[in-house]
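Below is one structure, written out as structure tokens; comments come after it.
Numbering starts at 1 and runs along the sequence shown.
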Amino acid sequence: MTTTPTTPAPTTTTPATDLAEAAARLDADDPLAHARERFLLPPDVVYLDGNSLGPLPAAVPPVLTDVVTRQWGTDLIGSWNGNGWWEAPLRVGDAIGALIGAAPGQTVAGDSTSVQLFTALDAAVSLRPDRTLLVTDPGHFPTDRYVAAAVAERRGLELRRVPPAELAGFLHSEGERVAVVSYSPVDFRTGELFDVRALTRAAHDADALVVWDLCHAAGALPLELDALGVDFAVGCGYKFLSGGPGAPAYLYVAHRHHPGLRTPLPGWTGHADPFGLSRDYAPAPGIARARIGTPPVLSLLALEAALSAYDGVDLADVRAKSLSLTGFFLRCADELLAPFGFTSVTPADPGRRGSQVSLRHPHAHALTRALAERGVIADMRAPDLLRFGVHGLYTTHGDLLTAARCLRDIVAEGAYDPTPRVTGPVT
């Protein structure tokens with residue numbers, strides 16, 4: 001007896017319903033879902049700009065209240081000793097070090113990213129005094145490029161701009177002249193992830209040192225600086241670490257470089273005996289010599305409180321969720337947004353993807369403005385990139401589907417001004 005094949009019943013599912021089901025399933029299975037409660041996210045807002053400014057951690061307001069009203073207001077100057085203000089740069093530095101794979105005593109927090117970057121680059125090139133080239137990424141964040149140029153000029157070096165993909169070939173021909181290589185693990189525009197291990201090894205094979213800018217990586221993925229043999233690293237405290245606007249930056253210097261470490265700004269707090277008020281500078285032992293000025297206590301302690309959002313969290317889990325989030329959003333972009341002229345510039349390969357997705361559209365600025373009006377916060381980078389940052393501690397797959405749907409609807413309805421009125425300098 002033969003059976004006549006039957007035609008399957010028409011399905012009523014659509015890409016949109018498939019995506020909704022996938023988002024719900026992924027969020028239901030999320031082992032980090034509880035961490036979202038560690039942030040004070042505004043209701044009815046989808047926040048996808050934590051790669052620029054992290055949201056407010058719930059632990060920060062009570063700490064700041066105590067710092068202002070009790071420590072400063074009541075204990076006054078005694079707080080430098082009684083409340084641990086003086087040790088805060090090293091204490092917070094070690095807390096950050098735990099997130100970037102650095103053993104204690106190699107990371108100090110305080111000052112701005114620009115100051116820390118200048119310190120790192122200048123100190124690094126001083127350890128290779130017989131070499132004449134400083135290498136940086138032509139696609140680096142502007143500050144990195146500007147500071148590298150300033151250090152090269154100050155030190156009488158030649159600045160070479162070499163993309164990460166071309167470093168190995170460049171070092172093959174010019175390696176003997178290279179003092180320092182300065183890169184970031186993640187391209188801030190596209191979200192592309194570079195191979196920190198391979199690039200560090202390539203520089204070391206040429207006996208050059210490496211300075212890594214971790215601003216778009218720390219807190220979003222495991223970095224393992226000690227294990228990879230990284231020389232110097234810097235990073236900000238206000239992106240994935242959610243330390244607040246203008247939060248202090250940090251500097252990592254591997255233990256092996258401490259004996260020869262000479263910083264360009266020998267501040268009094270980095271003196272071996274800061275309250276001895278000696279006429280001449282004598283550097284403190286270890287990473288403490290990289291301290292410069294009086295630490296910004298309010299913002300430093302806010303950053304310390306913010307870091308508690310990572311308590312009990314494995315960064316491998318944060319990374320796994322980040323990849324799930326970005327992979328899901330790339331699917332949303334392909335199924336919902338590609339028909340409306342959006343193209344992704346973020347690698348589809350998970351191994352080459354940081355913690356953001358960037359989409360190209362000629363009206364990027366206008367669209368981010370229109371998204372904000374519908375409660376979806378992203379940002380753009382000139383001339384035509386929309387950036388959607390994700391964080392494994394608080395972003396959901398549902399957030400990303402909401403963002404994609406809003407963006408699709410805005411373009412489909414023409415509900416945006418292609419030439420929006422400029423309301424401020426920040427995009």
Side-chain angles (χ1 to χ4, degrees), residues 13-28 30 33 36 39-56 189-191 321-322 324-346 348 353-424 426-427:
T13 61
T14 65
T17 57
D18 288 345
L19 288 169
E21 292 171 359
R25 182 176 65 254
L26 290 166
D27 287 336
D30 176 15
R36 186 176 171 96
F39 296 85
L40 300 177
L41 293 159
D44 303 319
V45 168
V46 172
Y47 192 68
L48 301 175
D49 211 4
N51 55 323
S52 189
L53 174 67
L56 176 63
R189 302 158 304 173
T190 68
K321 184 179 174 185
S322 168
S324 177
L325 290 165
T326 53
F328 178 74
F329 192 65
L330 285 171
R331 178 184 169 191
C332 290
D334 183 58
E335 297 185 18
L336 301 181
L337 301 175
F340 294 94
F342 292 90
T343 57
S344 172
V345 299
T346 301
R353 196 165 68 233
S355 201
Q356 73 183 56
V357 171
S358 296
L359 303 178
R360 176 164 280 130
H361 192 282
H363 298 151
H365 188 193
L367 291 172
T368 56
R369 294 276 300 278
L371 279 171
E373 292 173 357
R374 300 193 182 197
V376 176
I377 310 300
D379 69 13
M380 63 84 60
R381 288 296 177 260
D384 58 0
L385 294 180
L386 294 92
R387 300 193 313 169
F388 300 86
V390 306
H391 197 313
L393 295 185
Y394 58 79
T395 310
T396 69
H397 297 81
D399 288 339
L400 294 169
L401 180 56
T402 296
R405 284 173 166 171
C406 282
L407 192 55
R408 176 201 59 190
D409 293 346
I410 288 167
V411 177
E413 298 163 8
Y416 68 98
D417 181 355
T419 57
R421 181 173 58 87
V422 176
T423 58
V426 179
T427 61

Next item on the list: Might you point out which heavy atoms bring F340 and L336 nearest each other, and give the distance in Å?
Entry: CD1-O, 3.4 Å
Notebook entry, point to check: Without hydrogens or angle criteria, can the side chains of T396 and D399 be said to hold a donor-acceptor pair below 3.5 Å?
Noted result: yes
Note to self: So L325 and F388, do their side chains get closer than 4.5 Å, heavy atoms only?
What the structure shows: no
Contacts table for residues 41-51: side-chain donor-acceptor under 3.5 angstrom, sequence neighbours left out:
| unit_1 | atom_1 | unit_2 | atom_2 | d |
| --- | --- | --- | --- | --- |
| Y47 | OH | L53 | O | 2.5 |
| N51 | ND2 | Q356 | OE1 | 3.2 |

Notebook entry, point to check: Would a distance-only check, ignoring hydrogens and angles, find a side-chain to backbone donor-acceptor pair under 3.5 Å from K321 to T395?
Noted result: yes
Margin query: Please check this pair: side chain of S358 against backbone of R189, looking for a donor-acceptor N/O pair closer than 3.5 Å.
Written below: yes
Check: With sequence neighbours excluded, what pairs up with T346 under the side chain to side chain donor-acceptor pair (under 3.5 Å) test?
Finding: none
Note to self: Keeping T368 on the side-chain end and H365 on the backbone end, is there a donor-acceptor pair under 3.5 Å?
What the structure shows: yes
In a table with atom names and distances, give each donor-acceptor pair under 3.5 Å that connects a side chain of residues 372-379 to protein atoms at least two apart or in another chain.
| unit_1 | atom_1 | unit_2 | atom_2 | d |
| --- | --- | --- | --- | --- |
| R374 | NH2 | E413 | OE1 | 3.0 |
| D379 | OD1 | R387 | NE | 2.9 |
| D379 | OD2 | R387 | NH2 | 2.8 |

Notebook entry, point to check: What heavy-atom pair brings A20 and R405 nearest, and what distance separates the two atoms?
Noted result: CB-NH2, 3.7 Å
Next item on the list: With sequence neighbours left out, write down each residue that passes side chain to side chain donor-acceptor pair (under 3.5 Å) with R25, or none if nothing qualifies.
Entry: none
Margin query: Does L337 form a side chain to side chain contact (heavy atoms under 4.5 Å, CB included) with C332? I'd like the steps, not just the answer.
Written below: CA-CA 7 Å; L337 301 175; C332 290; 5.9 Å; no
Next item on the list: Check Y416 against I410 and note the closest heavy-atom contact, atom names and distance.
Entry: CD2-CG2, 3.7 Å
Notebook entry, point to check: Who pairs with D27 by side chain to side chain donor-acceptor pair (under 3.5 Å), at least two apart in sequence or on another chain?
Noted result: H397
Notebook entry, point to check: At their closest point, which heavy atom of A403 faces which heavy atom of L371, and how far apart are they?
Noted result: O-CD2, 4.1 Å
Notebook entry, point to check: What are the two closest heavy atoms between A364 and L385, and how far apart are they?
Noted result: CB-N, 3.7 Å
Next item on the list: Starting from the C-alpha separation in whole Å, work towards a yes-or-no answer on side chain to side chain contact (heavy atoms under 4.5 Å, CB included) for H361 and L407.
Entry: CA-CA 11 Å; H361 192 282; L407 192 55; over 6 Å; no
Item checked: Distance, nearest 0.5 Å, that separates CG of L401 from CD of E335 -> 10.0 Å
Check: Can you list the residues that meet the side chain to side chain donor-acceptor pair (under 3.5 Å) rule with R381, with sequence neighbours excluded?
Finding: none
Margin query: Using 0.5 Å steps for rounding, measure from the OG1 atom of T190 to the CG atom of L359.
Written below: 12.0 Å
Notebook entry, point to check: Taking all atoms of both residues into account, what is the closest heavy-atom pair of P362 and D384, and its distance?
Noted result: CA-CB, 4.3 Å
Next item on the list: Using a 4.5 Å cut-off on heavy atoms from C-beta on, say whether the side chain of D18 contacts that of R331.
Entry: yes
